[in-house]
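This is a predicted model, so every value here is computed, not measured.
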Amino acid sequence: MSSPREHTFRPARRSDVPALVDLVQSAYRGEKSRNGWTGEADLLQGQRVDAEMATEMIDDPSTTVIVAEAGGVMVGCCQLERHDSHAYFGTFAVAPDLQGAGTGRALLAEAERLARDEWGAGELRMTVIVQREDLIAWYVRRGYVRTGELSPFPYGDERFGVPMRDDLAFETLTKKLG
């Protein structure tokens, strides 16, 4: 685990797509993800995001992909989608060797700030796989509330991965940004 660093944040550009895909993949899937604590390698195989999906997020006018850098190197990213009454937070990834060192906390705080101060969102929402109890607990410690609202995992759509079990579902978590 590396020590905490000073982070800078910026919107992602199309030229970031290869690095974004590598970062997200390394944080969630495969052997590299086992170096951190947020991986899904025991739940899902295959890809988490591809270049087409990352490009669509960057090009979508209702979405901002935030890149976190430390020392000029991309160390984290997340996606914010603007909705009428809230913002949606997703595609959150931190380099596995920096997980637990404050990068994720800093990036989440920046996403909350942008949603609240620049978009005027009163609430941030996200969905997390219910089996990811450690990750849900991390969000709860940061003020997010479990809603009990479940939505199905997109079985059969391998763009989101190949499930290794048949009981995956997402739970919505929310936080008021007032």
Side-chain angles (χ1 to χ4, degrees), residues 1-51 53-58 63-81 87-116 118 124-144 146 159-161 168 170-175 177:
M1 181 182 322
S2 299
S3 62
R5 307 178 186 190
E6 192 67 30
H7 299 94
T8 58
F9 305 100
R10 64 172 176 80
R13 302 179 287 263
R14 277 181 156 226
S15 60
D16 292 320
V17 167
L20 282 168
V21 171
D22 287 346
L23 173 66
V24 172
Q25 195 68 18
S26 72
Y28 284 93
R29 308 282 162 74
E31 286 307 308
K32 281 185 181 178
S33 72
R34 295 181 192 283
N35 294 333
W37 65 273
T38 66
E40 300 171 339
D42 293 330
L43 300 173
L44 297 151
Q45 295 179 339
Q47 74 176 30
R48 173 64 170 76
V49 68
D50 62 23
M53 294 163 69
T55 301
E56 287 174 5
M57 284 188 290
I58 290 169
T63 298
T64 296
V65 177
I66 302 170
V67 169
E69 294 179 321
V73 175
M74 185 184 301
V75 295
C77 67
C78 68
Q79 167 196 17
L80 278 180
E81 293 176 12
Y88 179 82
F89 176 81
T91 316
F92 184 34
V94 173
D97 63 333
L98 294 177
Q99 292 175 14
T103 299
R105 185 176 299 123
L107 182 54
L108 180 61
E110 174 62 10
E112 292 171 356
R113 184 205 64 76
L114 188 152
R116 179 188 60 244
E118 296 184 26
L124 196 60
R125 295 181 190 172
M126 67 178 73
T127 57
V128 180
I129 295 174
V130 296
Q131 287 82 1
R132 312 267 329 270
E133 288 293 334
D134 288 349
L135 184 57
I136 290 171
W138 186 85
Y139 285 121
V140 167
R141 289 192 301 274
R142 272 139 201 87
Y144 288 82
R146 296 182 78 160
R159 294 179 314 145
F160 299 100
L168 299 178
F170 294 102
E171 181 174 359
T172 300
L173 281 65
T174 64
K175 181 178 182 178
L177 297 176

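Counting all heavy atoms, side chain and backbone alike, Leu107 lies closest to Ala68 at CD1-CB, 4.1 Å. Residues Lys175 and Gly143 approach most closely at CG-O, 3.7 Å, considering heavy atoms. When all heavy atoms are compared, the tightest approach of Phe9 to Ala106 is CZ-O, 3.6 Å. A pairwise comparison of heavy atoms in Cys77 and Val24 identifies SG-CG2, 3.7 Å as the closest pair. Of all heavy-atom pairs between Ala54 and Val49, the closest is N-CG2, 4.0 Å. Nearest heavy atom pair, residue Pro96 against residue Ser26, reads CG-O, 3.2 Å.
Using cut-offs of 30° and 60° for the angle between ring planes, the Phe89 and Tyr139 rings count as perpendicular.
Rounded to the nearest 0.5 angstrom, Ile58 CD1 and Arg14 CZ are separated by 8.0 Å. Note that the CG atom of Leu114 and the OG1 atom of Thr64 stand 6.0 Å from one another [nearest 0.5 Å].
Donor-acceptor pairing under 3.5 Å is lacking for the side chains of Thr63 and Tyr88.
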Check against side chain to side chain contact (heavy atoms under 4.5 Å, CB included), Leu20 and Val67: CA-CA 8 Å; Leu20 282 168; Val67 169; 4.2 Å; yes
Worked verdict on Thr174 versus Tyr144 for side chain to side chain contact (heavy atoms under 4.5 Å, CB included): CA-CA 5 Å; Thr174 64; Tyr144 288 82; 5.7 Å; no
Derivation and outcome, side chain to side chain contact (heavy atoms under 4.5 Å, CB included), residues Leu108 and Trp138: CA-CA 11 Å; Leu108 180 61; Trp138 186 85; 3.8 Å; yes
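Between Phe170 and Ile129 the shortest side-chain heavy-atom distance falls below 4.5 Å. Between Gln25 and Asp22 the shortest side-chain heavy-atom distance does not fall below 4.5 Å. Within the 4.5 Å cutoff, the side chain of Leu124 has heavy atoms near those of the Leu80 side chain.
When the salt bridge (Lys or Arg N to Asp or Glu O under 4.0 Å) test is applied to Arg146, the partners found at least two apart in sequence or on another chain are Glu133, Glu171.
Listed by first then second residue, pairs satisfying side chain to side chain donor-acceptor pair (under 3.5 Å) with a partner in residues 69-80 read Arg10-Glu69, Gln79-Glu81, Gln79-Thr91, not counting sequence neighbours.
Looking only at distances, no side-chain donor or acceptor of Glu112 sits under 3.5 Å from a matching main-chain atom of Leu177.
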